2 protein chains.
Amino acid sequence: MKKRMVQANSNGGSAHSQSAPAGGPQLPSSVTIMDVAREAGVSYATVSRVVNNKEYVKQDTREKVMQAITRLGYVANQQARSLAGGKSYVVGLLVRDLGSSYMGAIVSGVDDELSTAQYNLMLYTTHRRKTNERIYVNTLIQGMADGLLLILPRNPEAYLDTLNQSRFPYVLIDHQGLGDQVPAVGSKNWDGAYAATKYLIELGHRRIGFITGALELGAAIDRLAGYKAALIDHQLPIDPALIIEGTFFQPEGYSGARTLLNLEQRPTAIFASNDVMAFGVMEAVRDCGLRIPADISVLGFDDIDQASHVYPPLTTVRQPMQEMGRLAVKMLLERIKDPDRPVERVELPTTLIIRQSCQPPT
Amino acid sequence: MKKRMVQANSNGGSAHSQSAPAGGPQLPSSVTIMDVAREAGVSYATVSRVVNNKEYVKQDTREKVMQAITRLGYVANQQARSLAGGKSYVVGLLVRDLGSSYMGAIVSGVDDELSTAQYNLMLYTTHRRKTNERIYVNTLIQGMADGLLLILPRNPEAYLDTLNQSRFPYVLIDHQGLGDQVPAVGSKNWDGAYAATKYLIELGHRRIGFITGALELGAAIDRLAGYKAALIDHQLPIDPALIIEGTFFQPEGYSGARTLLNLEQRPTAIFASNDVMAFGVMEAVRDCGLRIPADISVLGFDDIDQASHVYPPLTTVRQPMQEMGRLAVKMLLERIKDPDRPVERVELPTTLIIRQSCQPPT
DNA sequence: TACTTTTCTGCAAGCGCTTACAGAAACATA
DNA sequence: TATGTTTCTGTAAGCGCTTGCAGAAAAGTA
């Protein structure tokens with residue numbers, strides 16, 4: 001099956017290479033820009049201009065081309081576009097794992113925003129082989145993607161060096177305070193934790209248990225700090241016995257709560273650094289034969305979907321995760337347009353969502 | 001061997017073109033195949049052969065090239081590769097949403113397997129604008145991806161027609177019985193539900209509540225059928241009052257269980273069609289002041305991570321979700337290699353995971 | 001009318017790679 | 001030595017597109 005037909009084409013005019021071989025197993029007959037050009041009776045450069053919304057195309061011509069495009073169902077080949085033009089309309093997303101509501105919400109925001117910008121999403125999970133960061137980054141930089149989003153990276157330094165050096169656009173989501181020179185979007189963890197703790201205090205609680213997140217993450221540190229600050233501001237002691245270290249997973253909420261509930265002077269409220277751990281807390285409370293919120297108030301952080309679905313609905317600090325994803329994309333696209341724009345770090349506000357898992361101590 | 005064909009290179013020896021532009025704003029200095037060729041002193045075609053592991057390259061040459069590649073840190077530009085060679089090494093993944101352990105596990109399997117095959121993952125979520133299916137599919141077909149994976153598609157017909165027509169490779173994951181002509185991987189839902197129900201019966205339960213999944217999904221139908229079959233096989237009546245319709249979400253587990261528990265003759269066990277609903281059931285049971293498993297046994301389906309983390313750990317039917325993802329990728333890659341291979345439909349076995357949420361009725 | 005400026009459009013040169021083809025080198029056979 | 005064979009390597013033709021350049025057409029100005 002040879003498809004050669006080089007310059008041995010003597011018919012002076014437009015070559016008109018027929019493109020529908022018609023017979024035999026045929027892959028998608030890929031309508032190309034040439035087909036559209038022929039259909040519309042213009043050059044393929046003009047078609048390209050129309051497709052890319054460039055100026056200097058007569059309205060008339062533009063319409064002719066548009067019609068040809070819809071008639072033929074033409075979709076530009078991204079690979080070729082990217083190769084020729086330098087933009088791939090792909091954004092890479094580096095993520096540890098999916099499967100949590102937290103990630104799901106962020107990715108959903110990312111995805112939404114990306115789709116309205118006509119971008120595609122290339123997903124990379126870092127639980128794969130550890131040593132691959134460099135490859136990833138290189139692959140991405142080599143034209144695979146126009147920019148990179150990193151959600152909650154644990155050791156971003158590995159990537160960031162390379163990224164910075166090559167001036168490759170990126171944005172961190174739910175970052176962990178890496179100085180000011182990193183474009184990032186996060187939320188006001190400190191504020192959220194402060195507000196939540198304050199709420200409990202104002203409800204009348206004096207002994208408030210706290211279960212931390214993974215303290216290598218800035219978010220976890222900030223939440224702990226917000227909790228402590230609220231206590232101090234209300235002249236309440238910081239009792240180390242009431243602070244249990246966790247890493248954001250449910251079992252630690254459970255065990256942490258059991259520890260707290262076994263204290264001689266047990267707390268009347270427990271504030272977990274995320275909702276998932278709060279669920280663990282709720283289980284533990286119940287298993288101790290206590291009721292929520294009658295005996296113990298429980299408070300979470302994040303406001304994942306499930307938080308409003310459990311019983312009693314969980315009072316929690318909402319982090320606008322979708323919004324974070326959206327905003328990160330917006331920032332990234334800006335940086336793609338102009339890699340030299342000043343580095344921005346945005347922290348979205350959190351909201352205390354009051355449901356039914358807290359009440360004044362009895 | 002005496003003459004190097006590299007013209008325009010006056011210094012006879014190894015060219016050693018310094019590659020660090022060093023000055024001025026420089027985009028990633030993209031090492032290309034040409035640079036490697038120069039560095040290794042061969043033609044770029046040879047480099048291409050080495051990179052693609054083609055035969056007919058002298059061992060010697062191969063090594064020289066390899067060295068040059070590592071020395072320069074060359075990474076092939078996928079766009080160009082794809083454009084020239086027809087393969088993009090990208091697989092599209094069509095998904096409704098992420099953020100559930102269920103999806104997370106499948107995607108994780110997909111991702112793992114893809115990464116060992118050196119493929120990239122392009123993510124498309126269908127919660128985006130509804131009418132975009134055609135665009136997606138066209139984009140993908142236009143060379144963006146080599147194949148497509150669809151997880152739990154609700155109305156796949158929309159895509160499948162186009163896909164089939166263009167003979168574009170795809171595989172469904174956790175399909176819903178669309179006849180035999182669709183390549184798919186799922187799990188033995190019927191068997192799993194049968195085994196679980198049988199287990200409860202053998203424990204001594206006679207009244208077993210069942211909460212269904214979304215019945216437009218084959219998986220949900222099969223689970224219900226397995227439940228019924230087990231009852232029948234054990235001469236137990238099928239009591240419609242014990243069957244509550246749900247759609248796989250937690251609140252339905254909760255409300256469903258409340259309904260069941262309010263029955264005059266309430267069940268001694270509740271079997272939810274997935275773990276998430278089982279969590280809802282557990283909450284409801286507790287809120288009715290009953291204990292699990294002492295008063296009511298609870299059984300789930302899927303075995304998501306959380307199932308072993310709740311208290312008491314949930315007895316459930318494990319669906320090998322990671323494995324499903326993996327297998328789907330393997331099948332897809334086969335189909336990419338040979339689109340004409342016969343259609344396969346695989347159902348992976350399920351396993352009853354006995355934990356502590358079930359015991360004989362008291 | 002002649003000339004300048006402003007749109008519009010086509011030509012052609014790649015983007016970085018794969019691969020058919022042909023030529024060279026190495027080895028084997030007549 | 002002449003002539004295959006087989007292995008290896010280079011040349012060149014694109015893949016489908018963007019974009020600089022220049023010429024053509026339209027519009028404005030003198």
Side-chain angles (χ1 to χ4, degrees), chain A residues 1-9 14-15 17 19 27-38 40-65 69 74-89 139 141-144, chain B residues 1-7 27-38 40-65 69 72 74-89 139 142-144:
Chain A
M1 191 84 72
K2 48 164 53 184
K3 50 164 180 188
R4 282 260 112 85
M5 92 130 74
V6 223
Q7 62 268 67
N9 191 339
S14 56
S17 67
S19 65
L27 273 195
S29 45
S30 284
V31 181
T32 77
I33 203 173
M34 302 290 264
D35 301 317
V36 176
R38 202 175 309 125
V42 299
S43 78
Y44 54 90
T46 300
V47 176
S48 172
R49 285 189 195 99
V50 171
V51 170
N52 292 291
N53 252 308
K54 300 253 164 159
E55 48 187 357
Y56 295 145
V57 179
K58 211 197 296 175
Q59 189 53 33
D60 225 37
T61 316
R62 194 179 290 277
E63 272 160 22
K64 260 194 316 191
V65 172
I69 286 179
Y74 167 74
V75 176
N77 177 319
Q78 277 306 334
Q79 325 281 343
R81 254 182 142 175
S82 156
L83 189 55
K87 301 197 65 176
S88 64
Y89 291 95
T139 312
I141 289 178
Q142 292 284 332
M144 186 91 268
Chain B
M1 56 203 73
K2 44 197 169 134
K3 50 174 175 180
R4 283 283 94 87
M5 292 314 262
V6 189
Q7 61 256 71
L27 272 197
S29 44
S30 285
V31 181
T32 77
I33 203 173
M34 303 290 263
D35 301 317
V36 176
R38 203 174 310 124
V42 298
S43 78
Y44 55 88
T46 300
V47 176
S48 173
R49 285 188 195 100
V50 171
V51 169
N52 292 290
N53 253 309
K54 300 253 162 155
E55 49 187 356
Y56 295 144
V57 178
K58 211 198 294 176
Q59 188 54 32
D60 228 34
T61 316
R62 192 177 293 276
E63 275 159 21
K64 259 194 314 192
V65 173
I69 287 179
L72 265 43
Y74 167 73
V75 176
N77 177 321
Q78 278 305 333
Q79 326 281 345
R81 252 182 145 176
S82 156
L83 189 55
K87 300 196 66 177
S88 65
Y89 291 95
T139 312
Q142 291 286 335
M144 186 90 268

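Keep in mind that this is a model prediction, so the values were computed, not measured. Numbers restart at 1 for each chain; the letters A, B, ... are given by sequence-line order, proteins then strands.
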Item to check | Nucleotide C:dC11, atom P - distance to CD1 of A:I33 in whole Å | outcome: 14 Å

Next on the checklist: Judged by each residue's nearest nucleotide on DNA chain C, which is more toward the 5′ side, A:T46 or B:A80?
Outcome noted: A:T46

Checklist entry - To the nearest Å, how far apart are A:R38 CZ and D:dC17 P? => result 12 Å

Checklist entry - Distance check: side-chain N/O of B:N77 vs OP1/OP2 of C:dC15, anything under 4.0 Å? => result no

Checklist entry - Which heavy atom in A:T61 sits nearest to a heavy atom in A:T46, and how many Å separate them? => result CG2-CG2, 3.8 Å

Next on the checklist: Please give me the minimum heavy-atom distance between A:S43 and A:A37, naming the atom from each residue.
Outcome noted: C-CB, 3.8 Å

Item to check | Under 4.0 Å protein heavy-atom contact, by nucleotide of nucleotides 20-28 of chain D - B base, S sugar-phosphate only | outcome: B--------

Checklist entry - What are the two closest heavy atoms between B:L72 and B:V31, and how far apart are they? => result O-CG2, 3.4 Å

Checklist entry - Is there a side-chain contact between B:M144 and A:V75, using heavy atoms and a 4.5 Å cut-off? => result no

Checklist entry - Of the nucleotides C:dT7, C:dA13, C:dC15, which one has an atom closest to the side chain of A:Y44? => result C:dA13

Checklist outcome for this item: Value for CD (B:Q78) from OH (B:Y89), rounded to nearest 0.5 Å, stands at 7.5 Å

Next on the checklist: Under 4.0 Å, counting only non-hydrogen atoms across every strand here, what does B:T61 touch: a base, just sugar-phosphate, or nothing?
Outcome noted: sugar-phosphate

Item to check | Spacing between A:K87 atom NZ and D:dT19 atom P, to the nearest angstrom | outcome: 10 Å

Checklist entry - Whole Å only: how far is the CG atom of B:N52 from the P atom of C:dA20? => result 12 Å

Item to check | B:E55 to B:R62 - nearest heavy-atom pair and separation | outcome: CA-NH2, 4.5 Å

Next on the checklist: Using five base pairs at each end to define the local axes, how bent is the helix from C:dT1-D:dA30 to C:dA30-D:dT1, to the nearest 10°?
Outcome noted: 50°

Checklist entry - Please give, in whole Å, the distance from D:dC15 P to A:R81 CZ? => result 19 Å

Checklist entry - Taking only side-chain nitrogens and oxygens of A:Y74, does any of them come within less than 4.0 Å of OP1 or OP2 of D:dC17? => result yes

Checklist outcome for this item: When rounded to whole Å, the CD to P distance for the pair B:Q79 and D:dT18 reads 13 Å

Next on the checklist: Distance check, rounded to the nearest 0.5 Å: B:Q59 atom CD versus B:E63 atom CD?
Outcome noted: 4.5 Å

Checklist outcome for this item: B:T32 and B:Y74 have their tightest heavy-atom pair at C-CE1, 3.6 Å

Next on the checklist: Under 4.0 Å, heavy atoms only, any strand: does A:V42 hit a base, just the sugar-phosphate, or nothing?
Outcome noted: sugar-phosphate

Checklist entry - OP1 or OP2 of D:dT18 less than 4.0 angstrom from a side-chain nitrogen or oxygen of A:S48, does that happen here? => result yes

Next on the checklist: Can you measure B:Y56 atom OH to D:dT11 atom P for me and round it to whole angstrom units?
Outcome noted: 21 Å

Checklist entry - Relative to the 5' end of DNA chain D, which residue comes earlier, B:Q59 or B:L83, by the nucleotide with the nearest heavy atom? => result B:Q59

Item to check | Distance, nearest 0.5 Å, that separates NZ of B:K64 from CG of B:D60 | outcome: 6.5 Å

Item to check | Separation of C:dC15 P from B:D35 CG (nearest whole Å) | outcome: 12 Å

Checklist outcome for this item: For B:S88 and A:Q79 the tightest heavy-atom approach is CB-NE2, 4.0 Å

